[in-house]
Amino acid sequence: MVILENVTTSTHQTKQQKYKLLLQQIRDIVSHEDDLIANFGNIAAVVHHTMGFDWTGFYLIKNGELVLGPFQGPAAVSRIPLGKGVCGTSYAKECTIIVDDVEQFAGYVPCSELDKSEISLPAFHKGEVALIFNINSHKMKNFDDTDKRYLEELMHLLEEIL
Ligand code: SME
């Protein structure tokens, strides 16, 4: 049995350093387990707790709509149609979306009234979006190009195991 160690991060580490350690830990997680749901659960947990996010989780594409998968944080909406909200738009446009202020995003689907900013990223299987990884923050403008760069690297890592 593999015992998962939490990545040791400190306030002295930059966001970039934390993401680098996180990606190493996630490579280790997926190299020891081939069950997707087990891996998604642990990935949501380590990203959420290492980076200090307020909601971190997966929406899986099922029959053309987003269905809630493993996550960390408060209960969230179970299903999101294609094109709806930040996640459904990331699915429809097949790209990463960063929202600095959720109140300015038309059609935003709220999960917590405390959420202020978010990022949604697609991962692909056989040329189609297979899942959306969504992260919310209670801080405005919490996500930048560094988050986009490393979380897109995480999506590529996931694409290797989908
Ligand atoms: N805010 C998202 C919905 C998912 S939750 O925030 C977890 C959206 O607009 O798609």
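As the structure lists them, so they are numbered: ligands from 1, and atoms in each ligand from 1.
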Open item on the list: Let's go through Phe133 and Phe40 carefully: what are the C-alpha distance in whole Å and the side-chain angles of both, what is the deciding distance for ring pair (Phe, Tyr, Trp, His ring centres under 6.0 Å) to 0.1 Å, and is it a yes or a no?
Closed with: CA-CA 10 Å; Phe133 191 53; Phe40 292 164; 8.9 Å; no

Open item on the list: Show, in sequence, the C-alpha distance, side-chain angles and deciding distance for Asn134 and Ser120, and conclude whether the side chain to side chain donor-acceptor pair (under 3.5 Å) test is met.
Closed with: CA-CA 4 Å; Asn134 180 225; Ser120 284; 2.9 Å; yes

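Aromatic ring orientation, Tyr19 versus Tyr150: parallel (interplanar angle below 30°, classes split at 30° and 60°). Ring-plane geometry between Trp55 and Phe71 is classed as parallel, the angle between the planes falling under 30 degrees on a 0 to 90 degree scale with a further cut at 60.
The protein atom (non-hydrogen) at minimum distance from atom 8 (C) of ligand 1 is Val86 N, 3.3 Å. Regarding atom 5 (S) of ligand 1, its nearest protein heavy-atom neighbour is Cys111 SG, 2.8 Å.
Between the Ser117 side chain and the Asn142 main chain, a donor and an acceptor come within less than 3.5 Å of each other. Here the side chain of Ser31 pairs a donor or acceptor atom with the backbone of Asp28 at under 3.5 angstrom.
On a distance-only criterion, Val77 and ligand 1 share no N/O pair closer than 3.5 Å. Between Cys87 and ligand 1, at least one N/O pair is under 3.5 Å apart. The shortest N or O to N or O distance between Tyr59 and ligand 1 is not under 3.5 Å. The distance criterion of under 3.5 Å between nitrogen or oxygen atoms is not met by Gly85 with respect to ligand 1.
Partner Leu151 forms a side-chain contact (heavy atoms from CB on, under 4.5 Å) with one of Leu23, Leu121, Leu22 and no other, that one being Leu121.
Applying the 6.0 Å contact sphere to CG of Asp145 captures no more than 12 heavy atoms from other residues, nucleotides or ligands. Lys15 NZ: more than 12 foreign heavy atoms inside a 6.0 Å radius.
Counting heavy atoms under 4.0 Å from ligand 1, residue Ile80 touches it through the side chain alone. Neither the backbone nor the side chain of Phe105 comes within contact range of ligand 1; no heavy atom lies under 4.0 Å. For Val102, no heavy-atom contact with ligand 1 is shorter than 4.0 Å. Only the side chain of Asn136 comes within 4.0 Å of ligand 1, judged by heavy-atom distances.
Within ligand 1, counting atoms from 1 as listed, the ones closer than 4.0 Å to a heavy atom of Trp55 are 7 (C). Annotation for ligand 1: atoms under 4.0 Å from non-hydrogen atoms of Asn134 are 4 (C), 5 (S), 6 (O), 7 (C).
The heavy atom nearest to atom 1 (N) of ligand 1, out of those in Val109, Asp54, Leu66, is found in Val109.
Ligand 1 lies nowhere less than 4.0 angstrom from a heavy atom belonging to Phe71.
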